[in-house]
Amino acid sequence: MGVYSRTPLAFERGEGARLYTTDGEAYLDCMAGIAVNALGHANPKLVAVLKEQAEKLWHVSNVFTIPGQERLAKALTDATFADVVFFGNSGSEAIECAIKTARKYHWAKGQPERVDIIGFDGSFHGRTLGAINAAGNPNYLEGFGPPLPGFIHLPFGDFEAIKAAVGPTTAAIILEPVQGEGGARAWQDDVLRAIRQLCDETATLLIYDEIQCGLARSGKLFAHEWVEGATPDIMAIAKALGGGFPVGACLATAEAARGMVVGSHGSTYGGNPLAMAVGEASLAELVKPEFQAHVREVAGYFTQQLSGLTERYPDVVEDIRGKGLLIGLKLKTPNREFMQHARDQHLLIAGGGDNCVRLLPPLNLTIAEASEAMEKLERACETARSRAKAAA
Ligand code: PMP
């Protein structure tokens, strides 16, 4: 189906932060499959565990005990607020599980009327019916029938609106601590804390979508860890967990997951041995304090360099935002054109809402590679400036 707006670029292989086209041209990858290849392309550790597992066992049904699944679930619960984990194959599936878990929680508590999921402008939770309804972006809902009942949408960041909206039929609030597709927008710390408190007072569940901003991208294992007193009850993760192998997971406290009993949910492929082997190896890297310190160092370098760029090109770059290596440049010139200017410099960057472009490099990007990315961005800014002048 023609659902993607594709560029003709086709890559044949990758190594670290480099991608090579079928005719051998090298590109510096600062989008990483949209925050997926966190450990770079063809990471030797991930390749090794995948090969090793491929020779042993690919798939068995979830009617059997899967030791890799138990190990990865333990590693995830050890590293987070969560007590239990459900594995799926994508971010959207993790979101579906999160929504179902939240509604089933209230049902199990004898309050089946509590079904409403409150989401926010600019959010993105995936493309399944549940996920597009949770995010409420009209562009993604259009043509797919009536919006599903039980979803409420509020402006981004407006705590008073949230307070007014939470009521006797509210099940959960869902948000990305740092919005990805929406243009690298971070929620304010005090607003997140106030939401957590409101959830506690009203027995509303707090769901975080850390599919893009989580797993060390922000410089801590999860973006919400930057804010004290704002842990969720349920959290969806994916992307970096598999470093490119499809895997997603829904994490929850035992209390929030109380309705998820035998028969409540399931997946044929979720938690398969291949995904678990890669997930275990990825997570083992991402949880290392020195790995997260590296992310913060490279992010700090970008922040400093990008502020210089903004000063030199105020006619092109309006604002820098985001957290860690989820960096948004809000532009004054069209973002789609800017992405092409960057590609002309053999730099790959992602688009984003609100006329942003995003830098989402592999998290093990070196400072030398970051510096190369900055040189290419500088040239892209130069092109954007001369195009704007020629058009004026
Ligand atoms: N939530 C967020 C925050 C995302 O960035 C994405 C993917 N861009 C998703 C959900 C959906 O993930 P998937 O495409 O793996 O279903």
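Here the structure is a predicted model, which means the values were calculated and not measured. Order of appearance sets the numbers: ligands from 1, and atoms from 1 within every ligand. Just the heavy atoms: all of them, side chains too, but no hydrogens, waters or symmetry mates, feed the values below.
Between the side chain of Gln212 and the main chain of Ile34, no donor-acceptor pair closer than 3.5 Å is present.
Ligand 1 lies under 4.0 Å from heavy atoms of Ser90, Gly91, Ser92, Phe124, His125, Gly126, Glu176, Glu181, Asp209, Ile211, Gln212, Lys239.
Shown here is Arg193, whose CZ atom has more than 12 heavy atoms of other residues, nucleotides or ligands within 6.0 Å.
Salt-bridge formation is not detected for the pair Asp344/Lys376: no Lys NZ or Arg NE/NH1/NH2 atom is positioned less than 4.0 Å from an Asp or Glu carboxylate oxygen.
Connectivity analysis of hydrophobic side chains (ILVMFWY, heavy atoms under 4.5 Å, direct or indirect) links Val63 to Leu57, Val60, Phe64, Ile66.
Sorted by first and then second residue, the side chain to side chain donor-acceptor pair (under 3.5 Å) pairs involving residues 5-24 (not counting sequence neighbours) are Arg18-Glu372, Thr21-Asp23.
Under the side-chain contact (heavy atoms from CB on, under 4.5 Å) criterion, Leu141 pairs with Ile132, Asn133, not counting sequence neighbours.
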